[in-house]
Amino acid sequence: MGAYFARPEGPTVGREKHMSSHHESSTASHSLAARLEKEGEVSVADCYQCGKCTAGCPAAEDMDVAPSQVLRLLQTEAPNHEERALKSLAIWMCIGCETCVTRCPQEVDLPRTMDFLRQEALARNVANQNADDVVAFHKAFLNSVEKAGRLFEFGMVGDYKLRTGHFFKDLGIAPTMFFKGKLGLFPHGGANKREVAEIFARARAVKKESQT
Amino acid sequence: MKVGYFPGCSLQGSSRDFAESLHAVAKALSIELCEVPEWNCCGASSGHMIEHLVSVALPINVLLKAQKAGLDQVMAPCASCYNRLATASHEIAHSPTTKAQVEKVLQTKIGKLPRVLNVVELLAQVADQISAKVSKKFEQTVACYYGCLLVRPAKITGFDRTEDPVEMDKLVAAVGGKSIDWNFKTECCGASFSVSKTSVVGRLGAKIMHDAVARKAEAIVVACPMCHSNLDLRRGEINQRLDTKTDIPVLFITQVIGLALGLSAKELGLGRHFVPVTFPAKPAAVAAVP
């Protein structure tokens with residue numbers, strides 16, 4: 001458990017390429033904390049580092065930076081700390097179980113913070129390489145929904161395998177799933193595909209517009 | 001009784017047993033499930049994790065379709081769908097900025113949205129009717145496992161006691177079953193890491209199963225497709241991490257109620273589980289010693 005409270009230093013494993021110039025010239029008013037407050041309505045300044053989020057986090061032991069430390073890294077508004085948060089494995093190991101925000105004495109929305117950091121890490125192309133599988137899963141999932149309006153599980157897992165190269169994973173359980181009727185081989189109709197594709201497209205356009 | 005119904009993607013695929021048992025039980029209780037026309041995926045975990053605005057717009061689109069169809073409440077049996085619908089509604093109600101953005105995305109004004117219910121809430125409303133219709137008491141000792149998204153965050157779901165929920169336990173009691181007091185009622189199973197970080201699901205599932213078995217549970221009862229698949233389909237990964245392997249089954253709450261109402265294993269989709277649904281034989285009643 002001691003490692004959770006270690007000082008946030010040491011080598012980072014994130015990708016160095018494509019760090020935007022916008023980030024390098026970061027000032028307090030453009031800090032991640034300021035943007036999170038504006039875009040996500042979360043105030044990281046409310047956190048007084050009690051560590052309750054970390055204590056109850058089911059994924060903390062898989063994280064390189066503890067949940068409470070992620071908030072601390074944003075509180076300082078120092079570019080090198082922000083970079084460390086964005087490149088952390090921790091933001092991808094968060095499962096989204098909502099335990100932290102439920103127990104937080106200050107009601108700091110840490111899951112929303114994690115969402116914000118994940119999206120920012122992807123936008124800057126600095127997501128931690130050890131999270132490639134997690135990123136591939138989320139992309140394959142949404143790609144399936146964007147195309148069919150509903151999730152097509154079999155197609156999504158195929159897309160995930162192509163993205164990750166894990167072709168042999170779970171082949172053992174697939175036949176059982178099939179014979180138990182849990183593996184549909186064709187996508188489900190019923191949703192308005194065009195409407196859903198337009199929702200994705202317009203949401204991306206509206207997001208872009210709101211950030212300029 | 002008539003209620004709006006949002007099946008969600010899992011119930012059409014890997015959790016068909018949840019759908020089958022829900023429909024069978026609803027029929028037995030004369031609850032009419034009115035499916036939201038042309039519903040779309042809620043975006044689930046992946047939505048909110050990597051595309052926030054999409055993750056609010058998709059569920060709101062579903063609720064707008066429900067409203068158009070004249071439904072004033074929508075029941076989402078999947079805990080993740082339930083949570084996404086409730087969270088999106090909450091965000092629209094509390095953030096004028098997000099509301100304006102979603103109105104732009106969906107190209108419509110958003111008014112009062114239907115109320116979102118989970119399956120346990122719906123069944124709790126008819127608990128007396130369920131008790132009255134029990135034809136075969138469910139005489140097992142079970143661990144009611146709520147997981148994350150039925151109860152958290154409390155200010156969004158407003159459902160049950162956050163740290164020690166009891167609504168499923170009450171339903172089990174209503175059909176003659178016993179439920180244990182245990183530590184992992186609301187601990188996370190690893191959810192969508194089932195595919196991308198299976199080892200995490202194995203580790204978290206092992207803790208959950210270990211506590212339930214140590215406290216003499218004969219089955220786990222859930223109300224979430226992810227909880228079910230992570231404890232049932234991923235039992236191999238879980239057992240690798242346990243000193244003593246466990247073969248206790250994982251049932252949806254609708255299957256437990258269905259069994260008590262006398263519905264067949266086939267109607268309830270019990271044959272679709274990876275871990276066979278069997279219970280230890282009850283010792284025959286011992287004749288009173290004179």
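The sequence lines fix the lettering, A, B, ..., with proteins before strands; numbering per chain opens at 1.
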Which portion of Met93(A) sits near chain B, non-hydrogen atoms under 4.5 angstrom: both
Please state whether the side chain, the backbone, both or neither of Ser14(B) comes within less than 4.5 Å of a heavy atom of chain A. both
Shorter than 4.5 Å, heavy atoms on both sides: which option in Arg112(A), Met114(A), Arg204(A), Glu209(A) has the most such pairs with chain B? Arg112(A)
Between His273(B) and Gln255(B), do the side chains contain a donor N or O and an acceptor N or O under 3.5 Å apart? yes
Could you check which of Lys104(B), Lys207(B), Arg16(B), Gln107(B) has the highest count of heavy-atom pairs closer than 4.5 Å to chain A? Gln107(B)
At a heavy-atom distance under 4.5 Å, which candidate from Ser45(B), Ser95(B), Ala154(B), Gly269(B) has the highest pair count against chain A? Ser95(B)
Inter-residue atom distance Thr98(B).OG1 - Glu41(A).CD, 0.5 Å rounding: 5.5 Å
Which one wins on heavy-atom pair count under 4.5 Å against chain A: Cys42(B), Ser15(B), Ser192(B), Ala57(B)? Ser192(B)
Pick one of side chain, backbone, both or neither for Asn192(A), based on which atoms fall under 4.5 Å of a heavy atom in chain B. both
Working to the nearest 0.5 angstrom, can you tell me the gap between Phe116(A) CZ and Asp109(A) CG? 13.0 Å
Chain B contact via Glu195(A) - side chain, backbone, both or neither, heavy atoms under 4.5 Å: side chain
Side chain / backbone / both / neither for Glu198(A) at chain B, heavy atoms under 4.5 Å: neither
More than 12 heavy atoms of other groups within 6.0 Å of Lys193(A) NZ: no
Give a yes-or-no answer on whether the side chains of His52(B) and Asp115(A) include a donor-acceptor pair shorter than 3.5 Å. no
Under the side-chain hydrogen bond (donor to acceptor under 3.5 Å, both in side chains) test, which residues partner Gln67(B), sequence neighbours left out? none
With respect to chain B, which residue among Arg103(A), Glu39(A), Lys207(A) yields the maximal number of heavy-atom pairs within a distance under 4.5 Å? Arg103(A)
Just to be sure I understand the criterion: a residue of residues 77-92 of chain B counts if one of its heavy atoms is under 4.5 Å from a heavy atom of chain A. Which ones qualify? Glu91(B)
Val200(B), part contacting chain A, at a heavy-atom distance under 4.5 Å: side chain
Value for CD (Gln69(A)) from SG (Cys53(A)), rounded to nearest 0.5 Å, stands at 10.0 Å
Distance from His138(A) atom NE2 to Asn143(A) atom CG, nearest 0.5 Å? 14.5 Å
Does any heavy atom of chain B fall under 4.5 Å from the side chain of Tyr160(A), the backbone, both, or neither of them? side chain
Heavy-atom contact with chain B under 4.5 Å, split by part of Lys139(A): both
Assess the side chains of Ser68(A) and Thr54(A): does a donor N or O sit below 3.5 Å from an acceptor N or O? yes
Salt bridge Glu120(A)-Arg35(A), side-chain N to carboxylate O under 4.0 Å: yes
Find the one option among Ile95(A), Ile91(A), Asp133(A) whose heavy-atom pairs under 4.5 Å with chain B are most numerous. Ile95(A)
For chain A, find which of Gly43(B), Cys148(B), Ser55(B) contributes the most heavy-atom pairs closer than 4.5 angstrom. Cys148(B)
To the nearest 0.5 angstrom, please state how far the CG atom of Asp164(B) sits from the OH atom of Tyr146(B). 8.0 Å
Heavy-atom distances under 4.5 Å only: say whether Leu204(B) touches chain A with side chain, backbone, both or neither. side chain
Would you call the rings of Phe252(B) and Phe18(B) parallel, tilted or perpendicular, taking 30° and 60° as the class edges? parallel
Any salt bridge between Lys182(A) and Asp17(B), counting N to O under 4.0 Å? yes
Under a 4.5 Å heavy-atom criterion, the part of residues 145-156 of chain A in contact with chain B comprises Val145(A), Gly149(A), Arg150(A), Leu151(A), Glu153(A)
When rounded to the nearest 0.5 Å, the distance separating NZ of Lys197(B) from CH2 of Trp92(A) is 12.0 Å
side-chain hydrogen bond (donor to acceptor under 3.5 Å, both in side chains) partners of His23(B), counting only residues at least two apart: Tyr5(B)
Against chain A, label Glu187(B) side chain, backbone, both or neither, depending on which of its atoms sit under 4.5 Å from a heavy atom there. side chain
Any heavy-atom pair between the side chains of His81(A) and Gln75(A) that's under 4.5 Å? no
Please look at Thr157(B) and chain A and tell me whether the side chain, the backbone, both or neither of the residue comes under 4.5 angstrom of a heavy atom of that chain. neither
Could you tell me whether Arg161(B) and Glu167(B) have a side-chain N and a carboxylate O separated by less than 4.0 Å? no
Please state whether the side chain, the backbone, both or neither of Leu183(A) comes within less than 4.5 Å of a heavy atom of chain B. neither
State whether a side-chain donor-acceptor pair under 3.5 Å links Glu163(B) with Thr186(B). no
Are side-chain N/O atoms of Ser229(B) and Arg234(B) paired as donor and acceptor at under 3.5 Å? no
